[in-house]
Undergrad: 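One structure follows; several queries about it will come next.
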Number of protein chains: 2
Amino acid sequence: MRKRATAKEVAEAAGVSKWTVIRAFTQGASITDASRQKVLQAAEALNYSPNLLARSLATNTTHQVAVFVDDFANPHKLPVLERLTERLQAEGLLTVLININRHFDHVHALINADQRQFDAVILFGTAFREETLGDRRLGAGFPPMFVLARDSQIPGVPAIACNAELALSEIVDYLFDKGYRRPGFMTGARTLSTALGRRHHYANFWRRKGVEVITELAAERYSAQAGAEAARTYLSATSPTSRIDVLMCENDILALGAMDVARSEFGLGVPQNLAVVGFDNIELGGAPAYELTSYEQPTDEMINAVVEMITGKRDAEMVVMQGRLVPRSSA
Amino acid sequence: MRKRATAKEVAEAAGVSKWTVIRAFTQGASITDASRQKVLQAAEALNYSPNLLARSLATNTTHQVAVFVDDFANPHKLPVLERLTERLQAEGLLTVLININRHFDHVHALINADQRQFDAVILFGTAFREETLGDRRLGAGFPPMFVLARDSQIPGVPAIACNAELALSEIVDYLFDKGYRRPGFMTGARTLSTALGRRHHYANFWRRKGVEVITELAAERYSAQAGAEAARTYLSATSPTSRIDVLMCENDILALGAMDVARSEFGLGVPQNLAVVGFDNIELGGAPAYELTSYEQPTDEMINAVVEMITGKRDAEMVVMQGRLVPRSSA
DNA sequence: TTGTAGGCGTTATCAT
DNA sequence: ATGATAACGCCTACAA
């Protein structure tokens, strides 16, 4: 296995200076065709290609974007990651996937991202605390940050998200029109930011309809199992007549878990005995086995927006986008 | 927003040389406590932290591992990515997620990975062709490559995979014992490597049982929709009496799609009229709505193995690991 | 068009 | 323990 060739070696082989070699590999540099050909030939013979690491050091741009993810239980993450990497790569940017699930120290991850000189940092659906970013070790020359698919509680960090207020308004209108009057809501985590968003609006809009009591089911995490567990706990503790008639879950994966338990363990018909609504519109929610009513975020637009902000084609500022209700038979 | 401080600036502030600054940030360097304190104080005041990019250039190691993924439709990818990033990060390695779905040029992605000086490249479930790697622009000093969760058709590129032969042997034994005699197999892509693996063994073991005819259903891609479509095509074209009695799908996501169609569009009972088996044991397959019989790969072990190979704690060589059958009610 | 000097921020090695 | 020199491989700016 030959060692990696450098520009200097190619220069010697081609009989030019190494700066000419660099020029041969630079778009729009002033160099004669003859020189370029000579260089390219020598480069191919020596198997040379520019070292992007050295280039990054010199240009102070890495063309790498860090994406922080803390929730891998939600299948919805995968298609979004696919689109995101695709769009970033189309702009010549690579995606560094950083796992910040509960085992990791968020501040540490941020410091690391800082030291690696990423061009930007995307917090994808993660609930960072303001205090985390307030850490004194951060701040100076930290890469631009963006919050994708979640509200940003952090001043100066723009969020690109679905308009939650509008979404919940549509959802509650829909459920009210269908005749449901005893709403429940399942949250997936204890962090304030999350809860405040969807749950808050859900409760608000029901109150406007004159429905004051919103039963809350709390799942431990965002996963089908946690959703199932929370539903089991609630259904075990209540009698059929006293129960909610519609359960809105903070996301689809919770909803699928809850639906499974309602149907298979408690023999409830969905939606006759208990209607279920999710959020995200994951592929499996649309399967005949579930037919889950859900709400689709405009992920493509959202992704385009972040990428454009990162590449400077668009102002970096908070933006909320409109999703759409996807009514199916579960509610 | 202050500019990033460098070791040199910290050195001036602390009244030492920049090499002393470096030492203060290096494990086990010989430096007096007094110096270190002085430096750390100055560093904190200036908000300095080492530039890992420059370090990488000097040490010739980036602590970055590229992970190539071409199939984002399979939810199974997500938990594996979670574990993989977690393990890599525990070793101080970051994951660069590279999307090589059909829109991208694989050779181009490899060249890019080469130029970025990654410490290693993992082909996660992707079927690279030998010819792709044979490209003359690659080869010299290319980072060590590993194929994860798929057989490697490439000499010199070790694969870490589940023992497909053993898996299919177990599966066929199980199905035969259950009394099925008219097997079908659904493939998810036209690449030889894939088809050869699971389908080949499946057919072989049925033949050993004296069953010669294996019906093949071909899905266009690996997705629930593609699985549904393939099942629909097959079921539409056959009469109930002439059909297969058990359908093994190359992975769970295909199986779920097929199952949906069989039950909801053709009114078939699973497993009474058509048994279904998948592969991967994704979380939703275990849900009461599906109860999909599947086969679980030893993903944790496989991931540990690659990571250990990358970090040099283990010889880089092909290894097949044993998974386990997960029998449920679908077959 | 081409060559030169200097710099990007670190690390390795040697000298003090 | 600390300082100094050279190197990592490239880029920008300037001179020829």
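Each chain gets a letter, A, B and so on, in the order the sequences are listed, and its residues count up from 1.
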Undergrad: Can you tell me how far P of dT2(C) sits from NZ of K38(A), to the nearest Å?
TA: 8 Å
Undergrad: Just verifying a value: how many Å separate I160(B) CD1 and N304(B) CG, rounded to the nearest 0.5 Å?
TA: 11.5 Å
Undergrad: Could you tell me whether the phosphate oxygens of dG3(D), OP1 or OP2, come under 4.0 Å of any side-chain nitrogen or oxygen in T20(B)?
TA: yes
Undergrad: For nucleotides 10-16 of chain D, give me one character per nucleotide, 5' to 3': B if any protein heavy atom sits under 4.0 Å from the base, S if the only such contacts are to the sugar-phosphate, - if neither.
TA: BBBB---
Undergrad: Do T85(B) and V67(B) pass the side-chain contact (heavy atoms from CB on, under 4.5 Å) test, and can you show the C-alpha distance, the side-chain angles, and the key distance before you say yes or no?
TA: CA-CA 10 Å; T85(B) 51; V67(B) 176; over 6 Å; no
Undergrad: Identify whether any heavy atom of S56(B) sits under 4.0 Å from a base atom; if not, whether one sits that close to sugar-phosphate; answer base, sugar-phosphate or nothing.
TA: nothing
Undergrad: I need the CZ-P distance between F25(B) and dT10(C), as an integer number of Å.
TA: 9 Å
Undergrad: Keeping the roles fixed (side chain from Q117(B), backbone from L53(A)), state whether a donor-acceptor pair exists under 3.5 Å.
TA: no
Undergrad: Quick one: do the N101(B) and E86(A) side chains pair a donor with an acceptor below 3.5 Å?
TA: yes
Undergrad: In terms of the nearest nucleotide of DNA chain D, which residue is placed more toward the 5' end: R36(B) or N60(B)?
TA: R36(B)
Undergrad: Using heavy atoms to find the nearest nucleotide of DNA chain D for L57(B) and I31(B) separately, return the residue whose nucleotide is more 5′.
TA: I31(B)
Undergrad: Could you go through the salt bridge (charged side-chain N to carboxylate O under 4.0 Å, His left out) check for E82(A) and K77(B) one step at a time?
TA: CA-CA 11 Å; E82(A) 174 175 29; K77(B) 292 276 193 269; over 6 Å; no
Undergrad: How long is the straight-line distance from CG of L81(A) back to CG of L97(A), given to the nearest 0.5 Å?
TA: 6.0 Å
